[in-house]
Number of protein chains: 2
Amino acid sequence: MSQPRFRNWQAIQDEVLRRIHARDWPPGHVIPNEVDLAAEFGCARATVNRALRALAEAGMLERRRKAGTRVALHPVSRATVDIPVIRQEIEDRGQSYTYRMFSRKIARPPVSIQARLCPDSPVDCLHVTALHLASGVAYVFEDRWINLATVPAAANQNFDTISANEWLLATVPYTHGDISFTAEAAAGAEADLLGTARGAPVFVIDRTTWDHDRAITTVRLSYAPGYRIRTSVGTPVSV
Amino acid sequence: MSQPRFRNWQAIQDEVLRRIHARDWPPGHVIPNEVDLAAEFGCARATVNRALRALAEAGMLERRRKAGTRVALHPVSRATVDIPVIRQEIEDRGQSYTYRMFSRKIARPPVSIQARLCPDSPVDCLHVTALHLASGVAYVFEDRWINLATVPAAANQNFDTISANEWLLATVPYTHGDISFTAEAAAGAEADLLGTARGAPVFVIDRTTWDHDRAITTVRLSYAPGYRIRTSVGTPVSV
DNA sequence: CAGATTATTATGTCTATACATAATATCGCC
DNA sequence: GGCGATATTATGTATAGACATAATAATCTG
């Protein structure tokens, strides 16, 4: 029984997926170990490892040392969402980007914001509100607090030509961030600026970013009606 | 100048990230090639490759053969969102899961659904609506069409005890899917079932899944107010 | 000089081997 | 039989070397 010899890791990945789909290896099933698979596929163990590791990252397999590799019981859909810079997002749609700042002042943030930016002791923050427009039409309203203890340089920026969104990305590197998506009712001023009725559903992205342990900024982005985040799931099978 | 010798790929990843954050390597900068970095770090090229590949997958670097590796110009936040089975999601919150089916009938879907499930020629589909409850409270309303040409077995399932969501995941493997997130106004029956006012903002997930080129199902999940998808971004630095 | 061909280069990957590490299984002891 | 020490096992990772591949740069040719 001379095997067709799977020579690259994608081919092995596809074959493993095929067996999962064909229920040769049903959910929960412990699959053969890397050495055996390498022998069966006629390749090095490192190649099998590469294929299985990729499948584990995609959520199809669960791997534990000594315990082995099993087919995931709950095949969660693991989608990767790219959240681009707003200017980029608009220009990628073939529309022209404009930007209008509405307010900019230094203040102590409300406790809800303090909890995220400076949980230990309140510090001065820069509060900026602005609107991003696509071909002249309101696209997203930005309500941002910048931690001046982490980013003192922000105090010297007036943000009337370049948005805080872009300035921060270009100036202040971050190590990690929290993001959440919700559907909320458009509040007063927000609704007016987005050109929608009060109480209309708006898609909201809340994001807080840090540089190591120091919070940089927290922002609420409320998108005009019709906004949709698209993504896809699925193992990168060469269909 | 004896280097500290970076012996594992995570250490190399951290060092590369440090240089990016420190603006030693600003956005757009072409970093040294793998051979040089391996020499500098005192490790094998494969180890450098592992570190850089991981950073490229995270969106921090852009790599092209021959052209080399450069720091990403637009550091898009690449977030991975796990979309679990609904029962799992509710039970993970420590709440009890219940399920109520509302309607189930075989019919030709409307054109908007046909476009996704059977673009070539209309086929019979199973239309199921149901409500998932967390500790007795409405959690998410499910409006699903199942392609009977792809999944004929679904016609024999009444879905009164097990939800279509779970049955499909356990029975029909899929290769890939489209997902989108929107904020929409709760429509009539939907609003009543979710226990919210009509027109109230609901978070909606639309998903269509395929097995290779054959569409399996398309579903609209509208979540009760307060629903929030959380995720995080950031390179896996060992902070 | 334009266009086609060839050389160069950096990443992509495979191999074989070795050792590290975490988790389980087993054994010996009380 | 219960419990702690030890052996075993599968994955995780590092290494040096090799060849593949894509994209660019250089060169040749009409």
Side-chain angles (χ1 to χ4, degrees), chain A residues 2-17 19-20 25 27-73 235-238, chain B residues 2-17 19-20 25 27-73 235-238:
Chain A
S2 62
Q3 298 292 4
R5 278 197 149 249
F6 300 88
R7 311 211 117 276
N8 56 33
W9 69 269
Q10 284 101 336
I12 291 167
Q13 196 185 51
D14 287 358
E15 173 61 13
V16 170
L17 273 174
R19 294 185 186 184
I20 293 173
W25 294 341
H29 181 81
V30 176
I31 77 174
N33 69 44
E34 295 185 348
V35 176
D36 292 350
L37 283 177
E40 182 190 341
F41 291 143
C43 67
R45 181 169 82 90
T47 311
V48 174
N49 181 278
R50 181 87 160 83
L52 298 188
R53 186 156 43 79
L55 286 172
E57 276 167 18
M60 293 296 299
L61 297 176
E62 288 169 5
R63 322 195 70 197
R64 265 174 35 238
R65 278 176 167 156
K66 163 78 183 177
T69 301
R70 65 173 57 211
V71 180
L73 272 173
T235 41
V237 201
S238 37
Chain B
S2 63
Q3 299 293 3
R5 279 196 146 249
F6 300 87
R7 311 210 116 277
N8 58 32
W9 70 269
Q10 284 100 338
I12 290 167
Q13 195 187 50
D14 287 358
E15 172 61 14
V16 170
L17 273 175
R19 293 183 188 184
I20 294 173
W25 294 340
H29 180 81
V30 176
I31 77 174
N33 69 44
E34 295 184 348
V35 176
D36 292 351
L37 283 177
E40 181 191 340
F41 291 143
C43 67
R45 182 168 82 91
T47 312
V48 174
N49 182 279
R50 181 88 159 86
L52 297 188
R53 187 158 41 81
L55 286 172
E57 276 168 17
M60 294 296 298
L61 298 175
E62 288 170 5
R63 323 195 70 198
R64 263 173 38 233
R65 278 174 166 157
K66 161 80 183 179
T69 302
R70 66 174 55 212
V71 180
L73 272 174
T235 40
V237 201
S238 36

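Proteins come first, then strands; the chains are lettered A, B, ... in the order of their sequence lines, and each starts at number 1.
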For this session: Mind listing the closest non-hydrogen atom pair of B/Ala51 and B/Ile12 along with its distance?
Result: CB-CG2, 3.6 Å
For this session: Find the distance B/Phe41:CZ to D/dT13:C1' and express it as a whole number of Å.
Result: 18 Å
Problem set entry | Salt-bridge present (B/Glu40, B/Arg19; N to O < 4.0 Å) | yes
Problem set entry | Per-nucleotide protein contact string for nucleotides 7-16 of chain C, where B marks a base within reach and S marks sugar-phosphate only (heavy atoms under 4.0 Å, - for neither) | -BBBBBBSB-
For this session: Check the distance between D/dT11's C1' and A/Leu61's CG and give it to me in whole angstrom.
Result: 13 Å
Seminar exercise, completed: When every non-hydrogen atom of B/Cys43 is compared with those of B/Phe6, the smallest separation belongs to CB-O, 3.7 Å
Seminar exercise, completed: side chain to side chain contact (heavy atoms under 4.5 Å, CB included) filter on A/Val30, not counting sequence neighbours, yields A/Arg70
Exercise. Among all residues two or more places apart in sequence or in another chain, which pass the side chain to side chain donor-acceptor pair (under 3.5 Å) test with B/Arg63?
Worked result: B/Glu34, B/Thr69
